[in-house]
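Worksheet for the structure shown next.
Residues take their numbers from the sequence shown, with the count starting at 1.
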Amino acid sequence: MKLNLNYKEMPILSYIQRKELPAKPGIYYVGNSISPVMYVGLSRNLKSRHINHHRQGQFEGIENAVIRYRLVTEDLLAAISDLTETLRKLEKQAINYYKPLLNDTPVPNQPKFTTVYGPTYIQIHKAKEAGYCSHFDAEDGDELTINTSRLSLVNRAIEENRPIFLIASGSYKDYEIAGYDNLSELVVYRNERIYVLISRFIPYGYEESNCFGYDYVVYGETSKIFLNPYIILNNRPGFKEFRGSYLKLGFTNCERSPFTKELLGLGDFNLLSRP
């Protein structure tokens, strides 16, 4: 996995020119001439990522801010099977080397999500077919991706800034074969299908993809990873009805289910009453 991550040899744009970034995957650094690498990030689409970055206000406060970036080469793209995981490893490599000041700081003036009931989307990750979910290797706030063919729903989620929840599904054996950690947390459910809440994020873009037979890959930010311990949904109030009505539909809007309130609560949303 070779990619030149030396900031001195990267293309550079002033931060106010960020709309000129290429709509391609890569690693980026935000900084200035005094501190060239103040923040390290990744994206499957650099241009979309910086249209409304969750740290945009922070970046705009950097005097003479610039963005340096390195696109994933065509040779590397042809050699890898998981672009997001590759980008994440490259990002960690750069963070470990440069130790950027902003990566480990909270987003300033970041309010907790507040939501009235509205479109709330779910996607199923089948452990048997899709294997280990790399979201569990991410951290809160990281860019995440899912795959889907439901473009109309994706567009609505993006336009309305609505959350997507990813839920794993499989038998105990499926999780074991796929290499999931902390299987002791799942063993009590080994005689039934196990549903684990993996992550939630707010989508901001998509691109065409043929991954696992899906037409699009959706990417988002402001993420939360549900790990240590796992959040197992099987015995949550209302989940049985929710499972029968929604978990066989693929990517779908579940706002009409009473269980949506449970999901939003788990996702750190402050819930408002219906008007």
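Taking hydrophobic clusters as Ile, Leu, Val, Met, Phe, Trp and Tyr residues chained together by side-chain heavy-atom distances below 4.5 Å, I62 does not share a cluster with I16. Cluster membership check: I80 shares its hydrophobic cluster with L87, using side-chain heavy-atom separations under 4.5 Å among Ile, Leu, Val, Met, Phe, Trp and Tyr. Under a hydrophobic clustering in which Ile, Leu, Val, Met, Phe, Trp and Tyr are joined whenever their side-chain heavy atoms come within less than 4.5 Å, directly or via other members, V40 and L71 fall into different clusters. V72 and I95 fall within the same hydrophobic cluster, where Ile, Leu, Val, Met, Phe, Trp and Tyr residues are linked whenever their side-chain heavy atoms come under 4.5 Å apart, directly or through other members. Hydrophobic clustering keeps I177 apart from V196 (ILVMFWY residues linked when any side-chain heavy atoms are closer than 4.5 Å, directly or through intermediates).
Residues P229 and N182 have side chains not in contact (no heavy-atom distance under 4.5 Å, counting atoms from C-beta outward). Taking 4.5 Å as the limit, every side-chain heavy atom of H50 sits out of range of all side-chain heavy atoms of S43. Contact annotation: the side chain of Y15 approaches that of Q56 to within less than 4.5 Å [non-hydrogen atoms, C-beta and beyond].
The NE2 atom of H135 sits 13.0 Å away from atom CG of L227, with the distance rounded to the nearest 0.5 Å. One finds the NZ atom of K24 at 10.0 Å from the OH atom of Y69 (value rounded to the nearest 0.5 Å). Separation of atoms CG (L144) and OG (S199) is listed at 5.5 Å; rounding is to 0.5 Å. Once rounded to the nearest 0.5 Å, the distance linking CG of L46 with CD1 of I27 reads 8.5 Å. Annotation: the span from T260 atom OG1 to I122 atom CD1 amounts to 8.0 Å, rounded to 0.5 Å. To the nearest 0.5 angstrom, E91 atom CD is 4.0 Å from L42 atom CG.
A donor-acceptor pair is defined here as one N or O able to donate and one able to accept, closer than 3.5 Å; no such pair exists between the side chain of K261 and the backbone of P258. Checking side-chain atoms of S257 against main-chain N and O of C254 turns up no donor-acceptor pair under 3.5 Å. At distances below 3.5 Å, not a single donor-acceptor pair connects side-chain atoms of S134 with backbone N or O atoms of D137. Of the possible donor and acceptor atoms, none in the side chain of H125 sits under 3.5 Å from a partner among the backbone N and O of I198. Q123 places a side-chain N or O within donor-acceptor distance of the main-chain N or O of N147, the cut-off being under 3.5 Å. Although no hydrogens or angles enter the test, the distance criterion places no donor-acceptor pair under 3.5 Å between the side chain of Y230 and the main chain of L183. In terms of modelled atom types and a separation under 3.5 Å, the side chain of R190 and the main chain of V187 share no donor-acceptor contact. Side chain of D140 to main chain of K224: no donor-acceptor pair is present (N/O by atom type, distance under 3.5 Å, no hydrogens or angles).
There is no side-chain donor-acceptor pair under 3.5 Å between Y204 and H53. With 3.5 Å as the limit, one finds no donor-acceptor pair spanning the side chains of R44 and T145.
In terms of heavy atoms, F201 sits closest to Y219 at CE1-C, 4.0 Å. Considering every non-hydrogen atom in both I231 and F226, the closest pair reads CD1-CD2, 3.5 Å. Here the closest heavy-atom approach between residue I225 and residue A138 is recorded as CG1-O, 3.9 Å. Scanning all heavy atoms of the two residues, the minimum distance from L263 to F242 falls at CD1-CZ, 4.1 Å. Between S171 and I194 the shortest heavy-atom distance is C-CD1, 4.4 Å. Here the closest non-hydrogen pair linking Q17 and L13 is O-CD1, 3.8 Å.
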Below 3.5 Å, can you tabulate the donor-acceptor pairs from side chains in residues 29-39 to any protein atom, sequence neighbours excluded?
residue, atom, partner, partner atom, Å
Y29, OH, L5, O, 2.6
N32, OD1, I34, N, 3.1
N32, OD1, S35, N, 2.8
N32, ND2, E63, O, 3.1

Show me the donor-acceptor pairs within less than 3.5 Å that the side chains of residues 246-253 make with the rest of the protein, sequence neighbours left out.
residue, atom, partner, partner atom, Å
N253, OD1, T120, N, 3.1
N253, OD1, E255, N, 3.1
N253, ND2, E255, OE2, 2.8

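Under the rule for a side chain to side chain donor-acceptor pair (under 3.5 Å), the partners of E160 that lie at least two apart in sequence or sit in another chain are R156. Annotation: side-chain contact (heavy atoms from CB on, under 4.5 Å) contacts of S245 (sequence neighbours excluded): E241. For S48, the side chain to side chain donor-acceptor pair (under 3.5 Å) criterion is met by N45, not counting sequence neighbours. Every residue meeting the side chain to side chain donor-acceptor pair (under 3.5 Å) condition with E9, not counting sequence neighbours, appears here in chain and number order: N4. Under the side chain to side chain donor-acceptor pair (under 3.5 Å) criterion, T105 pairs with R55, not counting sequence neighbours. Residues passing the side-chain contact (heavy atoms from CB on, under 4.5 Å) test with E192 are Y189, N234, sequence neighbours excluded. Listed by chain and number, the residues in a side-chain contact (heavy atoms from CB on, under 4.5 Å) with V66 are I12, R68 (sequence neighbours excluded).
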Show, in sequence, the C-alpha distance, side-chain angles and deciding distance for I232 and Y195, and conclude whether the side chain to side chain contact (heavy atoms under 4.5 Å, CB included) test is met.
CA-CA 6 Å; I232 300 169; Y195 296 89; over 6 Å; no
Check against side chain to side chain contact (heavy atoms under 4.5 Å, CB included), L233 and L266:
CA-CA 11 Å; L233 300 177; L266 290 169; 4.2 Å; yes
Under the side chain to side chain contact (heavy atoms under 4.5 Å, CB included) rule, what do V217 and I146 come out as? Steps first, then yes or no, please.
CA-CA 6 Å; V217 58; I146 61 166; over 6 Å; no
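The list of ring pair (Phe, Tyr, Trp, His ring centres under 6.0 Å) pairs with a residue in residues 147-179, not counting sequence neighbours, reads Y175-Y180. For the salt bridge (Lys or Arg N to Asp or Glu O under 4.0 Å) condition, the pairs that include at least one residue of residues 226-239, sequence neighbours left out, are R236-E262. Listed by first and then second residue, the salt bridge (Lys or Arg N to Asp or Glu O under 4.0 Å) pairs involving residues 164-185 are K173-E176 (not counting sequence neighbours).
The residues E221 and R49 are annotated as salt-bridged, a charged nitrogen and a carboxylate oxygen being separated by less than 4.0 angstrom.
Within 6.0 Å of the CG atom in D104, the count of heavy atoms belonging to other residues, nucleotides or ligands does not exceed 12.
Each of R243, K126, R193 was checked for a side chain to side chain donor-acceptor pair (under 3.5 Å) with S169, and the lone residue meeting it is R193.
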